[in-house]
Amino acid sequence: MKNLLDFTKEELSDIIKPAFRAKQIYEWIYKKNVDSFDDMRNLPRDLRDYLKENFYFNPLKKVKEEVSQDGSKKYLFMLKDGKTIESVLLPMKGDEFDENGKLIKHARYTICVSSQVGCKMGCSFCLTAKGGFVRNLTPGEIVEQVHFIKKENKIPYERRVNIVYMGMGEPLNNLNNLAKAIKIFTDNDGLAISPRRQTVSTSGLSSQIVKLGNLNLGVLLAISLHAVNDELRQELMPVNKAYNIASIMEAVRKFPIDMRKRVMFEYLMMDGVNDSIKDAKTLVKLLDGIKAKVNLIYFNPHEGSIYKRPKPENMEKFRDFLQSKSVTCTIRESKGIDISAACGQLKERSKNDNS
Ligand code: SAH
Ligand code: SF4
């Protein structure tokens, strides 16, 4: 049995003839949210039987869901082989109404997806790293995280969502499947999510950043920087031994990006580790000439972690310094902090619960 969601529409139309059937199947799944092949009423019976015998399109089973006070929802999904991954729905803003109670702007959502079961990169602050690497996710396993969450939360088809590849795993270690997932997401008969709404986050595999750029998919890029000198970065992120900060910056400078957009630099703040003004000064120099925006993230402590949450005042000073040097910088609201929203943390808790 094959996962139908692993196929781009073009691939599907090579297998299923006539070719327009692929478009119909896409619409049934992604637009009309049907649960079975029998519901695909405009397909001939023999085709439905063939599909039933050879394909499935429900690669995820919800194992656990946690809702945070701020409205973010974290999902633990089980894959067909029993492995588990996490995804998070982050409402960025609720519906907005005018003074007469008329809806003027719909809620906006971001969905954070996983790209692998586990991760090879071994970052010292990250819980996902602790479990090691298990396997890559297939394109359909990536796509279904967004489809499932939209469907489950009754987010209307037309409501565009943003996708961030910031869940478990290093997306650029799974570039082929990632690229296919991006294409499937983008398809107008699928979820029709523009690549400009999709942000690939990487620990800084410079050669893979170049490859992603060469694919010209139109996606946005986020770099998990976390340190401004190689010595510290190497300690936090072993990948820095193979690809140092200079090589990342070079790759970023070459990355094709929409003129109106910026490359995001994520900076996970850890108390007394990387939160000084000296670090902020070096960061400003590093970003010279790059259209960047910096996102400061509160380190979310987990059991056994040696790092501590930064003091809010240090975070603010850091941000103010960057802004005084005209570097766009925001502090990421600690969404879902009460449900341990950083990657890997729900999975870990669930193991302890024995649930
Ligand atoms: N592997 C990719 C994408 C997944 S990690 C990457 O590293 O960019 C997504 C983000 O979660 C990274 O920026 C990472 O630094 C952050 N993260 C990991 N552990 C965290 C923790 N304990 N608290 C807060 N953020 C964390
Ligand atoms: Fe992997 Fe990203 Fe965690 Fe590092 S931070 S171990 S790259 S998931």
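We count ligands from 1, going down the list as the structure has it; atoms in each ligand are counted the same way. Numbers here simply count residues along the sequence, with the first being 1.
- Nearest-heavy-atom check against atom 5 (S) of ligand 1 across Ser224, Ser201, Gly167, Cys126 picks out Gly167.
- Open room surrounds NZ on Lys61; 12 or fewer heavy atoms of other groups in view lie less than 6.0 Å from it.
- Geometrically, Lys120 engages Phe133 in a cation-pi contact, judged by NZ or CZ lying under 6.0 Å from the ring centre and within 45° of the ring axis.
- Note on Cys123: counted as a metal contact of atom 4 (Fe) of ligand 2, an N/O/S atom lying under 2.8 Å.
- Not close to ligand 1: Tyr307, with no non-hydrogen atom less than 4.0 angstrom away.
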- prompt: When you look at Tyr157 and Tyr30, which way does the ring-ring contact (aromatic ring centres under 6.0 Å, His included) test go after all the steps?
  reply: CA-CA 8 Å; Tyr157 175 78; Tyr30 296 112; 9.0 Å; no
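- Close contacts between ligand 2 and Ser203 involve ligand atoms 7 (S) [criterion: under 4.0 Å to a heavy atom].
- In summary, the atoms of ligand 2 found under 4.0 Å from a heavy atom of Phe125, numbered by their order in the structure, are 5 (S).
- Not a single N, O or S atom of Cys119, from either the backbone or the side chain, sits less than 2.8 Å from atom 3 (Fe) of ligand 2.
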Working for side-chain contact (heavy atoms from CB on, under 4.5 Å), residues Met40 and Val34: CA-CA 7 Å; Met40 302 184 181; Val34 296; 4.0 Å; yes
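- In this structure, Ser224 falls outside the shell of residues with a heavy atom less than 4.0 angstrom from ligand 2.
- A cation-pi arrangement, defined by a distance under 6.0 Å to the six-membered ring centre and an angle within 45 degrees of its axis, is absent between Arg309 and Phe299.
- Cation-pi contact between Lys31 and Tyr26: absent, since separation from the ring centre below 6.0 Å together with deviation from the ring axis within 45° is not met.
- Identified under the salt bridge (Lys or Arg N to Asp or Glu O under 4.0 Å) test for residues 8-17, with sequence neighbours left out: Lys9-Asp187, Lys9-Asp189, Glu11-Lys180.
- Proximity annotation for atom 14 (C) of ligand 1: of His226, Glu266, Met166, His226 comes nearest, heavy atoms only.
- By the criterion of a heavy-atom distance under 4.0 Å, the backbone of Tyr165, and not its side chain, is placed next to ligand 1.
- Any N or O atom pair closer than 3.5 Å counts here, and Gly169 shares at least one such pair with ligand 1.
- Residue contacts with ligand 1 for Asn300 involve both N, CA, C or O and side-chain atoms from C-beta outward (heavy atoms, distance under 4.0 Å).
- Between Phe37 and Phe55, the distance separating the two ring centers is not shorter than 6.0 angstrom.
- A cation-pi contact, defined as under 6.0 Å to the ring centre and within 45° of the axis, links Lys80 to Tyr56.
- Counting heavy atoms under 4.0 Å from ligand 1, residue Thr202 touches it through the backbone alone.
- At a 4.0 Å heavy-atom cut-off, ligand 1 touches His302 through the side chain alone.
- Between Gly118, Pro238, Ala129, Gly131, it is Ala129 that holds the heavy atom closest to atom 6 (S) of ligand 2.
- Shortest non-hydrogen contact noted between Glu141 and Gln145 is O-NE2, 3.1 Å.
- Each of the atoms 24 (C) of ligand 1 lies under 4.0 Å from some heavy atom of Tyr298.
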